[in-house]
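Not measured: the values here are computed from a predicted model.
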Amino acid sequence: MTVWLLLLGAAAVTLGIRTWAVVALRFRSSLPAGLEDALRPVAPAALAALVANTLLLDGDGVRPLGSWHLASAAAVAVVLWTRSAGWALLAGMSTLWAWTLAAHALG
């Protein structure tokens with residue numbers, strides 16, 4: 001029972017924080033320039049941290065080189081070439097699926 005109360009409390013706090021931000025910013029036409037400049041690198045930094053964690057770590061150890069790394073290299077190459085996130089996603093996922101299928105087929 002205590003675990004469920006803790007989970008519900010954490011969910012309520014998280015929902016409250018998100019709701020507060022949306023409600024507080026709803027009444028402002030824009031953020032102050034300093035805050036906007038400070039927040040600009042947050043999304044790319046968070047995405048980079050997620051990608052690095054996925055590519056480099058596997059549980060409690062280091063992920064060996066494999067299909068994830070090949071797929072991300074293909075996605076990076078395509079996004080640098082086309083400047084399109086959609087084509088990069090397609091290239092990365094296609095590479096991952098093809099490499100995984102080939103690995104299973106070869107044994």
Side-chain angles (χ1 to χ4, degrees):
M1 183 67 175
T2 306
V3 173
W4 287 107
L5 289 176
L6 183 64
L7 286 173
L8 287 174
V13 169
T14 302
L15 180 64
I17 290 171
R18 291 177 185 212
T19 305
W20 173 82
V22 169
V23 170
L25 294 176
R26 179 179 177 202
F27 298 108
R28 293 187 58 96
S29 59
S30 66
L31 293 173
L35 181 60
E36 196 170 311
D37 290 339
L39 291 176
R40 187 168 288 124
V42 170
L47 181 60
L50 289 170
V51 169
N53 187 27
T54 301
L55 287 177
L56 301 177
L57 300 176
D58 186 18
D60 59 351
V62 176
R63 183 183 296 274
L65 290 176
S67 58
W68 284 83
H69 300 95
L70 184 64
S72 43
V76 167
V78 168
V79 82
L80 289 175
W81 180 42
T82 64
R83 302 282 188 221
S84 168
W87 286 114
L89 181 62
L90 182 66
M93 289 307 298
S94 299
T95 304
L96 179 66
W97 291 335
W99 188 263
T100 304
L101 183 64
H104 285 300
L106 295 175

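- Every residue meeting the side chain to side chain contact (heavy atoms under 4.5 Å, CB included) condition with Val51, not counting sequence neighbours, appears here in chain and number order: Leu47, Leu55.
- Under the 3.5 Å distance criterion, the side-chain polar atoms of Ser72 are matched with a main-chain donor or acceptor of His69.
- Listed by chain and number, the hydrophobic cluster partners of Leu89 are Met93, Leu96, Trp97, where partners are ILVMFWY side chains within reach of under 4.5 Å, directly or through others.
- Closest heavy-atom contact between Gly66 and Trp99: C-NE1, 4.4 Å.
- Minimum interatomic distance between Ala38 and Pro41 (heavy atoms only, all atoms of both residues): O-CD, 3.4 Å.
- Taking Leu101 as the reference, nothing meets the side chain to side chain contact (heavy atoms under 4.5 Å, CB included) condition, with sequence neighbours excluded.
- Counting only residues at least two apart or in different chains, side chain to side chain donor-acceptor pair (under 3.5 Å) contacts with residues 36-54 comprise Asp37-Arg40.
- Here Leu106 sits alone; no ILVMFWY side chain lies under 4.5 Å from its own, so it joins no hydrophobic cluster.
- Counting Ile, Leu, Val, Met, Phe, Trp and Tyr side chains that sit under 4.5 Å apart, directly or through other members, Leu8 stands alone, with no cluster partners.
- Across every non-hydrogen atom of Ser84 and Val79, the tightest pair is O-CG2, 3.9 Å.
- Pairing each heavy atom of Trp87 with each of Thr82, the nearest pair is CB-OG1, 4.0 Å.
- Smallest separation of non-hydrogen atoms from Leu57 and Arg63: O-NH2, 3.6 Å.
- In this structure, Ala71 and Gly92 approach most closely via the heavy-atom pair CB-O, 3.3 Å.
- Remark: Thr14 engages Arg18 in a side chain to side chain contact (heavy atoms under 4.5 Å, CB included) (not counting sequence neighbours).
- By the side chain to side chain contact (heavy atoms under 4.5 Å, CB included) test, Leu80 is found to be paired with Val76, Arg83, residues two or more places apart in sequence or in another chain being considered.
- Hydrophobic cluster membership for Leu65: none, as no Ile, Leu, Val, Met, Phe, Trp or Tyr side chain comes under 4.5 Å of it.
- Interatomic distance, OG1 of Thr95 versus CH2 of Trp68, reported as 13.0 Å (0.5 Å rounding).
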